Amino acid sequence: MNRTRSLLVVVMLLVVAYGMYPHLKRLVQRPAGRMQAELTTLRLSVKLREGDLIFQTSQSAQSQAIQLATHSPYSHCGMLLRQGGEWQVLEAVQPVSITPLEQWIARGKGQHFVVKRLRDADQVLTPTVVRRLRDTGRRYWGKPYDLYFGWSDERLYCSELVWKVYHEVTGRQIGRLQRLREFDLSHPAVQAKLRERYGRQLPLDELVISPVRMFESPELVEVR
């Protein structure tokens with residue numbers, strides 16, 4: 001009871017301080033999972049900045065293979081943007097698009113996520129740079145998702161999209177690029193997914209950027 005009361009107090013303060021009445025009004029119409037995700041978004045709003053990166057464990061069909069091959073629970077990521085007064089996530093799904101943050105959170109396993117930011121964001125992410133991040137991200141909208149994890153700009157997967165947007169705008173490499181052969185491809189679930197995608201011709205020398213390499217980048221710090 002005390003925890004619920006405290007949560008309601010936080011929400012009401014946010015409503016008063018940031019004019020979030022429309023958000024609160026929508027809460028009563030949400031399923032339980034979406035309601036919790038939107039409450040989380042409200043609490044986070046005062047801490048977030050455009051250009052922040054957000055990571056989660058996806059519940060997609062390929063998530064387990066990604067986790068096993070990269071030795072990380074994080075299998076999906078995106079970039080936070082502000083649009084129409086609300087937080088959105090630029091992400092490579094099918095197709096590349098933006099998703100309301102509360103929907104993005106609700107979609108992840110256990111609604112767990114981590115937000116990270118450039119270590120020197122105060123100096124690098126000026127209004128001009130943030131606008132360029134936004135504009136560059138928009139150029140990729142509608143591009144198909146890349147099931148084959150190639151390095152072409154014609155199709156993109158989640159970490160590739162975020163890596164390329166940041167690199168183009170800031171020159172930063174958020175995470176170390178690897179070759180496919182550097183991942184742990186030994187698990188049967190990984191091998192099954194590789195056979196499904198590539199047959200017998202594995203592109204072992206293809207450049208890849210994984211969510212975990214971005215997550216572990218020394219360029220980033222966690223937003224708490």
Side-chain angles (χ1 to χ4, degrees), residues 23 26-27 29-45 48 52-81 83 86-116 137 140-150 155-165 174-175 178 180 183-198 208-217 220 222-224:
H23 295 268
R26 290 199 301 268
L27 287 178
Q29 302 171 334
R30 294 285 195 257
R34 285 285 300 281
M35 183 187 298
Q36 185 60 46
E38 187 152 341
L39 285 170
T40 300
T41 304
L42 286 171
R43 293 198 304 270
L44 270 176
S45 292
L48 300 178
D52 286 350
L53 307 186
I54 187 166
F55 299 81
Q56 69 178 188
T57 302
S58 169
Q59 300 191 77
S60 69
Q62 66 182 8
S63 180
Q64 182 192 24
I66 293 172
Q67 292 174 66
L68 290 167
T70 62
H71 295 175
S72 169
Y74 299 109
S75 57
H76 187 54
C77 62
M79 184 173 71
L80 286 163
L81 298 173
Q83 179 163 297
E86 297 188 356
W87 285 107
Q88 310 275 343
V89 181
L90 173 70
E91 60 173 343
V93 284
Q94 181 51 34
V96 173
S97 56
I98 59 171
T99 303
L101 177 56
E102 63 268 19
Q103 291 183 24
W104 196 90
I105 292 172
R107 210 173 60 207
K109 184 176 180 181
Q111 298 190 17
H112 172 71
F113 63 92
V114 176
V115 177
K116 291 206 166 188
Y140 291 108
W141 287 9
K143 293 275 188 179
Y145 182 78
D146 190 356
L147 288 170
Y148 300 95
F149 301 105
R155 298 174 179 269
L156 298 116
Y157 53 91
C158 66
S159 42
E160 177 192 14
L161 169 67
V162 178
W163 194 96
K164 286 183 173 179
V165 169
I174 311 297
Q178 296 176 276
L180 182 61
F183 293 98
D184 184 353
L185 309 180
S186 63
H187 194 281
V190 176
Q191 293 178 3
K193 187 59 68 176
L194 290 172
R195 285 195 299 272
E196 175 189 315
R197 298 283 169 82
Y198 305 111
V208 181
I209 180 65
S210 66
V212 68
R213 290 287 82 82
M214 298 191 74
F215 185 87
E216 294 177 344
S217 171
L220 304 178
E222 186 172 341
V223 177
R224 299 180 181 274

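Source: prediction; values computed, not measured. Starting from 1, each residue takes its place in the sequence as its number.
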Do M79 and V165 have side-chain heavy atoms sitting under 4.5 Å apart? yes

Sequence neighbours left out, what passes salt bridge (Lys or Arg N to Asp or Glu O under 4.0 Å) with K164? Give chain and number order. D153, E160

Is there side-chain contact between F149 and L180, with at least one heavy-atom pair below 4.5 Å? no

Any side-chain heavy atom of P95 within less than 4.5 Å of one from K143? no

Please determine which of K109, E91, Q62, Q56 meets the side chain to side chain donor-acceptor pair (under 3.5 Å) test together with H76. E91

Run the side-chain contact (heavy atoms from CB on, under 4.5 Å) check on V96 and Y145 step by step: do they pass? CA-CA 7 Å; V96 173; Y145 182 78; over 6 Å; no

Apply salt bridge (Lys or Arg N to Asp or Glu O under 4.0 Å) to R155 and list each qualifying residue two or more places apart in sequence or on a separate chain. none

Backbone N/O of P73 and side chain of T57: donor-acceptor pair under 3.5 Å: yes

V223 and D52: CA distance, side-chain angles, deciding distance, side-chain contact (heavy atoms from CB on, under 4.5 Å) verdict: CA-CA 9 Å; V223 177; D52 286 350; 4.3 Å; yes

Would a 4.5 Å heavy-atom cut-off, applied to side chains only, mark L68 and D184 as touching? no

Test side-chain contact (heavy atoms from CB on, under 4.5 Å) on L53 and M214; report intermediate values, then the result. CA-CA 9 Å; L53 307 186; M214 298 191 74; 4.0 Å; yes

So how far is it from H71 NE2 to H187 NE2, rounded to the nearest 0.5 Å? 9.5 Å

Using 0.5 Å steps for rounding, measure from the CG atom of L161 to the CG atom of L90. 4.5 Å

Going by heavy atoms in the side chains, are P211 and S72 under 4.5 Å from each other? no

Can you give me the closest heavy-atom contact between A65 and V190, atom names plus distance? O-CG2, 3.6 Å

Does S63 use its side chain to pair, donor to acceptor, with the backbone of Q59 at less than 3.5 Å? no

Any donor-acceptor N/O pair, Y157 side chain to I209 backbone, under 3.5 Å: yes

R197 side-chain N/O to L147 backbone N/O, donor-acceptor pair under 3.5 Å: yes

Indicate yes or no for a side-chain donor-acceptor contact from Q191 to the backbone of S186 under 3.5 Å, with no hydrogens or angles considered. yes

Any side-chain heavy-atom pair from L220 and I174 closer than 4.5 angstrom? yes

Side-chain donor-acceptor contact under 3.5 Å, Y74 with H112: yes

The test is side-chain contact (heavy atoms from CB on, under 4.5 Å); show your working for I54 and V89 and say whether it passes. CA-CA 8 Å; I54 187 166; V89 181; 4.0 Å; yes

Close side-chain approach of L80 and L101, heavy atoms under 4.5 Å: yes

Contacts of type salt bridge (Lys or Arg N to Asp or Glu O under 4.0 Å), residue D146, not counting sequence neighbours: none

Roughly how far apart are K193 NZ and L185 CG, rounded to 0.5 Å? 14.5 Å

Using 30° and 60° as the class boundaries, would you call the ring planes of F215 and F55 parallel, tilted or perpendicular? perpendicular

Considering all heavy atoms of both residues, which atom of S75 and which atom of Q67 are nearest to each other, and what is their separation? CB-CG, 4.2 Å

Donor-acceptor under 3.5 Å (W104 side chain, Q88 main chain): no

